[in-house]
Amino acid sequence: MKIGFIGLGNMGAPMAANLATAGHAVTGYDTAGVSVDGVTPAASAAEAARGAEVVVTMLPNGDILRQVAAEIVPAMAPGAVFLDCSTVDVESARAVAEEARAAGLSALDAPVSGGVGGAEAGTLTFMVGGDAAGFEKARSLFDVMGRKAVHCGPSGNGQAAKICNNMILGATMVVTCEAFALADKLGLDRQAMFDVVSTSSGSSWSMNTYCPAPGVGPTSPADNDYTPGFAADLMLKDLRLAMQAAEAADADTPMGAAAMRLYEAFVEREDGAGRDFSAMLPRFERRGHG
Ligand code: NAD
């Protein structure tokens, strides 16, 4: 397939490389002038998009996605698929999809879970909103870049699934970290705490797979001095998107709001920027120790 790929950052570069390795003709563009093995560089986003059957975007936020969409939609051929894999606000996803559909394109919002490791290994999960025909056309690309793609309904629903999932993740990570810090103060051994909770009703992905306590449970960023992994900054971004969506939809999300405020303090006023999102545990440990 002839593919345009726009946004060759930490996630986009390995995703584009995997598509090229699978035999697709990939033309890529990034404002930072990144070059990726097997990907033909283009001079602009429009040039990467022209003549492509599918254009994949992997960009930082909704404003940039809207700018890029304004540039590439007129360059794309009717019937082509605009496949946005960035994590953006639901409103931007729906606005861009509308613009693409008006130009005769298929539009999919397909944010991912799995991080840079999943992008490199081709094991991402895609949560996809948009028309069924576009989903079918893009299916073989999802199979190359990931392990699972779930069609979640019309445009914007992929982003909705992503922010709901990450709101649960942010809140469970915070409460798992505060529970470890409480257990410390109560004199409960961390290994014993893990052994009980990981097989009890307090278990979650945050405890069982990504345990925030070093030396306990499977290897996780906690065992690597909280080097991300999934950076606290990105968790904050996703929690803000969730709160923005909750406000627009008049949904009551007090736990999500509390998690957002904690990550905001951690990233913006403490030392959390650039650390893994599970580094909330040392943050709670410090409480009461000056
Ligand atoms: P990144 O900052 O590494 O990459 C974004 C790239 O977009 C950069 O290389 C930047 O130069 C490029 N860019 C910015 N404006 C552009 C423009 N107008 N035209 C072309 N290129 C432009 O970010 P990332 O970690 O690759 O994340 C990309 C998206 O994936 C984000 O929406 C993020 O929330 C989401 N995501 C990231 C992870 C992760 O673990 N990194 C996991 C899941 C989802």
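Model, not experiment: these values are computed from the prediction. Atoms within each ligand, like the ligands themselves, are counted from 1 in listed order.
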(request) Answer yes if the side chains of Asp63 and Gln67 hold a donor-acceptor pair under 3.5 Å, and no otherwise. (result)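 Gln67 and Asp63 do not have a side-chain donor-acceptor pair below 3.5 Å.
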
(request) Decide whether Thr176 and Ser206 meet the rule of one side-chain donor and one side-chain acceptor closer than 3.5 Å. (result)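 Distance-only check fails for Thr176 and Ser206.
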
(message) Using every non-hydrogen atom in the two residues, find where Ser86 and Gln159 come nearest and quote the distance to one decimal.
(response)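 Closest approach of Ser86 to Gln159: O-NE2, 2.9 Å.
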
(message) If you compare all heavy atoms of Gly9 against all heavy atoms of Pro14, which two are closest, and at what distance to 0.1 Å?
(response)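 What the structure gives for the nearest pair is O-CD, 3.9 Å.
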
(message) By the definition side chain to side chain contact (heavy atoms under 4.5 Å, CB included), identify the one residue from Ile6, Val88, Asp89, Thr87 that meets it with Leu65.
(response)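 The passing option is Val88.
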
With heavy atoms under 4.0 Å as the rule, classify the contact between [X] and ligand 1 as side chain, backbone, both or neither.
| X | value |
| --- | --- |
| Thr87 | both |
| Ile6 | side chain |
| Leu59 | both |
| Lys237 | side chain |

Sub-3.5 Å N/O-N/O distance, [X] and ligand 1:
| X | result |
| --- | --- |
| Lys162 | no |
| Asn61 | no |
| Tyr29 | no |
| Met11 | yes |

Protein residue, atom and distance nearest to [atom], heavy-atom basis:
| atom | value |
| --- | --- |
| atom 4 (O) of ligand 1 | Gly9 CA, 3.3 Å |
| atom 23 (O) of ligand 1 | Asn10 N, 4.6 Å |
| atom 40 (O) of ligand 1 | Gly115 CA, 3.5 Å |
| atom 18 (N) of ligand 1 | Val68 CG2, 3.6 Å |
| atom 15 (N) of ligand 1 | Ile64 CG2, 3.5 Å |
| atom 6 (C) of ligand 1 | Asp30 OD2, 3.6 Å |
| atom 2 (O) of ligand 1 | Pro60 CG, 4.7 Å |

(request) Tell me, please: is Met58 in heavy-atom contact with ligand 1, that is, under 4.0 Å? (result)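 Within the 4.0 Å threshold, so yes.
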
(message) In this structure, does ligand 1 have an atom that sits under 4.0 Å from one of the heavy atoms of Ala45?
(response)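 No, Ala45 has no heavy atoms under 4.0 Å from ligand 1.
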
(message) Apply side chain to side chain contact (heavy atoms under 4.5 Å, CB included) to residues Leu236 and Glu268 and explain how you reach the verdict.
(response) CA-CA 10 Å; Leu236 175 58; Glu268 293 180 351; 4.2 Å; yes

(message) Under 6.0 Å between ring centres: does that hold for Phe5 and Tyr29?
(response)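 Between Phe5 and Tyr29, the centre distance exceeds or equals 6.0 Å.
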
(request) Would you please indicate yes or no on a ring centroid separation below 6.0 angstrom for Tyr210 and Phe277? (result)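 Under 6.0 Å, so yes.
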
(request) Return yes when at least one protein heavy atom is under 4.0 Å from atom 32 (O) of ligand 1, and no when none is. (result)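 There is a protein heavy atom less than 4.0 Å from atom 32 (O) of ligand 1.
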
(message) Can you check atom 25 (O) of ligand 1: any protein non-hydrogen atom closer than 4.0 Å?
(response)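 At least one protein heavy atom is under 4.0 Å away.
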
(request) Look at atom 22 (C) of ligand 1 and find which of Val116, Leu65, Val112, Thr31 reaches it with the closest heavy atom. (result)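 Result: the heavy atom closest to atom 22 (C) of ligand 1 is in Thr31.
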
